[in-house]
Amino acid sequence: MAPDLRQDFNMMEQRKRVSMILQSPAFCDELESLIQDQMKKGKNPTSLLALQQIADFMTTSVPTVYPAGPQGGMAALNMSLGMVTPVNDLRGSDSIAYEKGEKLLRCKLAAFYRLADLFGWSQLIYNHLTVRLNSEQERFLIVPFGLLYSEVTASSLVKINLQGEIVDRGSTNLGVNQAGFTLHSAIYAARPDIKCIVHIHTPAGAAVSAMKCGLLPISPEALSLGEVAYHDYHGILVDEEENVLIQKNLGPKSKVLILRNHGLVTVGETVEEAFYYIHNLVTACEIQVRTLASAGGPDNLVMLDPSKYKSRPRHLEPVGDGSSSYPKWQIGEQEFEALMRMLDNLKISPLLPVIPL
């Protein structure tokens, strides 16, 4: 091998090793630990600056080619162009500004926005996914108005109160769509059990919302939703009287609300549960629209009677010798964990802790 080619080859090998180290979760954890230690000591500002620069480089440097997303969407396009921003961008001084619980919820909600985009549930900069941080101060996280779902990160989420007023602007200078939070605030105020709310518009969901028959019991996904509530269309949700009507229509137990001629809403006691219900609701709506189009009308469909199907545990215990203990998965947790691994493999990097076995 010629000397110049050998030198180029050696440089390529060195860069490959450096890239592998930088992308290693163990290196990320070690670097984060070093930054935290330096900030606690309050010394060596030059060393701290160098470490912070490395951390910033890791969160902004991404490979140029990624596999396409499973469902398309803007995130899939961005990945194909090598323009992916990690979900978990809380590093260094940004990280210590939030408690551990809030950091985890920020990562989960930001990852939820990315999933919604991958699955084709987003509609430009509109609609919202929100999460309640705590019940004492009534603080919530919401996307800043103006970001696409594919751009949302943990640090960019805005913290607001029940009136939609900004408490913490996050890492952007964008505001909040207060009219968009009206629906969420009405539900949060009436349902203290709810920690996460999803409101989206999909073509199939909007189609079902405009059908007099509503959501039909023709699929297991439809049956999994429990009691489905409905709310008639009154225009843009800004009326205080309509808030009371929304609260009444949703009721004390329903986890699914279909807004007539508008869109879909699901709620959950966790982020994972809200995701589970919206995923099944979207699927049920798509099944219904396609089935009606091919069957020629509801009279030609086989309807399922929910009362005939007894409820059973969401997840059956794995078969084993009885010597291992398995985690007690809550609704949607196992599916959400699997999708977090998918995002990691797509280099979107939510970096959420997997529930230990």
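- Note on V244: it does not cluster hydrophobically with I187, by side-chain heavy-atom contacts below 4.5 Å among ILVMFWY residues.
- Under the side-chain contact (heavy atoms from CB on, under 4.5 Å) criterion, L301 pairs with L216, I218, T291, L292, A295, M303, sequence neighbours left out.
- How far CD1 of I194 is from NE2 of H184: 12.5 Å, rounded to the nearest 0.5 Å.
- Comment: E102 engages R106 in a salt bridge, judged by a side-chain N to carboxylate O separation of less than 4.0 angstrom.
- In terms of the side-chain contact (heavy atoms from CB on, under 4.5 Å) criterion, residue partners of N280 (sequence neighbours excluded) are, by chain and number, E221, S224, L225, Y276.
- Under the 3.5 Å distance criterion, the side-chain polar atoms of S209 are matched with a main-chain donor or acceptor of N261.
- Between the side chain of R114 and the main chain of T153, no donor-acceptor pair closer than 3.5 Å is present.
- Residues that satisfy the side-chain contact (heavy atoms from CB on, under 4.5 Å) test with A190, not counting sequence neighbours, are Q247.
- One distance of note links OG1 of T202 with CG of L264; it measures 5.0 Å at 0.5 Å rounding.
- Under the salt bridge (charged side-chain N to carboxylate O under 4.0 Å, His left out) rule, K108 has a single partner from E273, E337, E272, which is E272.
- Taking both residues in full, the closest heavy atoms of D168 and V158 are given as O-CG1, 3.3 Å, listed atom of the first, atom of the second, then distance.
- Residues S254 and R191 share a closest heavy-atom pair of O-NH1, 3.0 Å.
- Taking both residues in full, the closest heavy atoms of Y188 and K195 are given as OH-O, 3.6 Å, listed atom of the first, atom of the second, then distance.
- A 4.5 Å side-chain heavy-atom check between F181 and H199 finds every atom pair outside the cut-off.
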